[in-house]
Amino acid sequence: MATYTQNDSEEKILKDLGIDDSFRDTLATVDDKGKRIWLFPKKPFGYFYKLRSYVSYILLAFMIGIPFIQVNGHPIFLLNVVERKFIVFGMVFWPQDFHLVAIGFITFLIFIILFTVIFGRVWCGWVCPQTIFMEMIFRKVEYWIEGDATNQKKLAEQPWNEEKILKRTAKHFLFLAISFVLAHIALAWIVGVEQVSKNFTTPPFQNLGGFIPMVVSTLVIYGIYIRFREQMCTTFCPYGRLQGVILGNDTMVVAYDYKRGEPRGKVKDKEAKHLGDCIDCNLCVKVCPTGIDIRHGTQLECVNCTACIDACDDIMTKLDRPKKLIGFHSIESIETGKKFRLSARQKAYSVLMVLVLGVSFALGFLRTDVQSTVLRAPGTLYYKNDDGTISNLYKVQILNKTFEEIPFVITTDFENARIELVGNHKEINTLPPSERTELMFFVFIPRAQINQLSTKVKIFVQSPDGKNLDKDKTTFLGPMTKK
Ligand code: SF4
Ligand code: SF4
């Protein structure tokens with residue numbers, strides 16, 4: 001065996017060993033002049049593609065249907081980032097609940113990361129809206145108009161004749177129309193169906209706030225799917241960039257079993273040359289929507305769409321060889337030949353994932369419907385009253401987070417204390433739905449019970465039957481002496 005010194009270049013060593021990893025220096029979709037290589041992925045087919053289609057249809061139905069589902073006249077989901085108002089499963093989250101929204105978002109990120117550590121980029125290939133729209137909507141329309149990969153390539157290369165003009169016009173028109181629909185659905189998730197429907201009932205110049213976002217999002221979606229496509233995943237998406245630090249040798253990913261497949265070669269040479277199972281048909285590369293060769297190993301561009309598994313399984317079936325030459329494997333399981341098993345790290349992550357989800361759900365469901373904030377009236381101290389009490393003036397802000405009116409009273413548990421709302425605030429006894437109510441009130445405490453400058457008191461917002469809706473702590477000021 002050859003020996004090497006430090007002066008030998010990595011390139012030379014790899015060449016001697018017959019390892020070509022030049023693919024690591026380039027992007028599959030960029031040529032050596034830096035020009036984009038347009039991909040024409042072959043139409044996928046097979047078990048996983050069917051399964052993925054069903055999953056996509058369910059997710060698309062969810063995405064399109066949810067903005068139309070209303071409970072008591074309010075959407076069941078609303079992610080209004082503009083007004084910072086969120087409705088999740090019919091529960092309204094206000095800016096005051098921002099910590100819960102932030103926790104929910106962090107939980108989602110942790111969940112995705114932990115899930116990726118165990119199951120790789122299943123999210124990308126199966127659940128991510130970018131992939132679902134690209135592969136299950138736009139790509140299917142493209143196959144329908146232009147045909148499979150070979151026909152698409154032929155059409156792209158041929159001069160602008162009648163056929164090309166007709167097909168390309170139809171494609172652009174349909175892509176634009178679908179983008180228009182998707183933009184409205186995305187906006188309906190943010191501002192609600194009623195708001196979005198104004199785009200159809202109000203002239204644009206009277207509805208610029210709705211019209212401009214609709215035009216911008218339609219054009220952005222159209223631009224992504226007509227031009228940008230797989231580059232969203234391979235160069236733009238930050239989640240994709242994180243794969244290098246998230247994936248481990250024990251992660252289950254779409255991988256090529258090189259131990260079984262190599263050395264690759266023609267079917268007829270298998271016996272004579274002691275070849276592996278890969279017949280080098282390149283079908284796995286031809287179906288890949290990101291243009292990579294999975295036989296080079298796990299790569300950043302792989303979105304785990306499983307198209308290559310289906311393609312290779314089909315070849316293996318035709319050759320009467322076992323499936324899963326490309327399949328869901330971990331690098332470790334390929335190297336050791338053992339079945340994929342959850343490692344201790346993955347088990348610990350799974351427990352953590354369940355815990356984080358549990359805590360988030362608990363925080364969401366334990367959230368109160370009413371939130372009060374009590375503050376001392378600015379610039380006031382205390383009043384000595386003729387009836388032998390000391391009083392302090394407070395301001396309370398009460399937010400009713402529900403869509404219902406809530407009857408209420410303000411109380412304190414301080415012994416012998418009394419609360420009186422100020423002036424016409426006395427007439428207010430219900431909290432209007434989804435609104436903030438501001439009130440001023442006095443707390444009266446017998447002077448004999450006050451013997452320090454500042455006494456802690458609790459203020460409760462209660463329902464008339466005495467159920468606590470929310471509580472606050474504040475200070476009650478009084479004279480040092482009881483006289
Ligand atoms: S589809 Fe399977 S047999 Fe064909 S090149 Fe890819 S890995 Fe080899
Ligand atoms: S390598 Fe296979 S799983 Fe990965 S993106 Fe390409 S076709 Fe999909």
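Index from 1, following the sequence. For ligands, and for the atoms within them, numbers begin at 1 and follow the listed sequence. Side chains are part of it too, since the values below use all heavy atoms of this structure and drop only hydrogens, waters and symmetry mates.
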Can you sort out which atoms of ligand 1 are near [X], meaning under 4.0 Å from one of its heavy atoms?
X: Arg295; value: 5 (S), 7 (S)
X: Asn282; value: 4 (Fe), 5 (S)
X: Ile326; value: 7 (S)

Problem - Note: Glu194-Lys198 ion pair, threshold 4.0 Å (strictly below) - result: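 The answer is no: the pair does not qualify as a salt bridge.
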
Exercise for the section: Using atom types as modelled and distance alone, determine if a side-chain donor or acceptor of Arg52 lies under 3.5 Å from a backbone N or O of Gly125. Expected result: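 Pair found, side chain donor or acceptor close to backbone of Gly125.
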
Starting from [atom], find the nearest protein heavy-atom neighbour and note its residue, name and distance.
atom: atom 2 (Fe) of ligand 2; answer: Cys308 SG, 2.3 Å
atom: atom 3 (S) of ligand 1; answer: Ile279 N, 3.5 Å
atom: atom 5 (S) of ligand 2; answer: Val303 N, 3.4 Å
atom: atom 4 (Fe) of ligand 2; answer: Cys302 SG, 2.3 Å

Exercise for the section: Scan Leu182, Ile224, Ile221 and name whichever one has a side chain to side chain contact (heavy atoms under 4.5 Å, CB included) with Phe133. Expected result: Leu182

Problem - Nearest candidate to atom 8 (Fe) of ligand 1, where distance is taken over non-hydrogen atoms, out of Cys312, Cys278, Gly261 - result: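 Selected option, by shortest heavy-atom distance: Cys278.
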
Problem - Side chain, backbone, both or neither: the part of Asp280 lying under 4.0 Å from ligand 1 by heavy atom - result: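 Looking at Asp280 and ligand 1, just backbone atoms fall under 4.0 Å.
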
Handout entry: Check: Glu142/Tyr225 side-chain N/O donor and acceptor closer than 3.5 Å
Key =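 Tyr225 and Glu142 do not have a side-chain donor-acceptor pair below 3.5 Å.
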
Exercise for the section: Give a yes/no answer: is there an N/O/S atom of Cys288 under 2.8 Å from atom 4 (Fe) of ligand 2? Expected result: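 So Cys288 does not bind atom 4 (Fe) of ligand 2 by this criterion.
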
Handout entry: Face-on cation placement of Arg295 at Tyr258 ring, 6.0 Å and 45° thresholds
Key =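 Cation-pi check for Arg295 and Tyr258: fails.
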
Problem - Min heavy-atom dist Val287 to ligand 2 below 4.0 Å - result: no

Problem - Under 2.8 Å: N/O/S of Cys284 next to atom 6 (Fe) of ligand 1 - result: yes

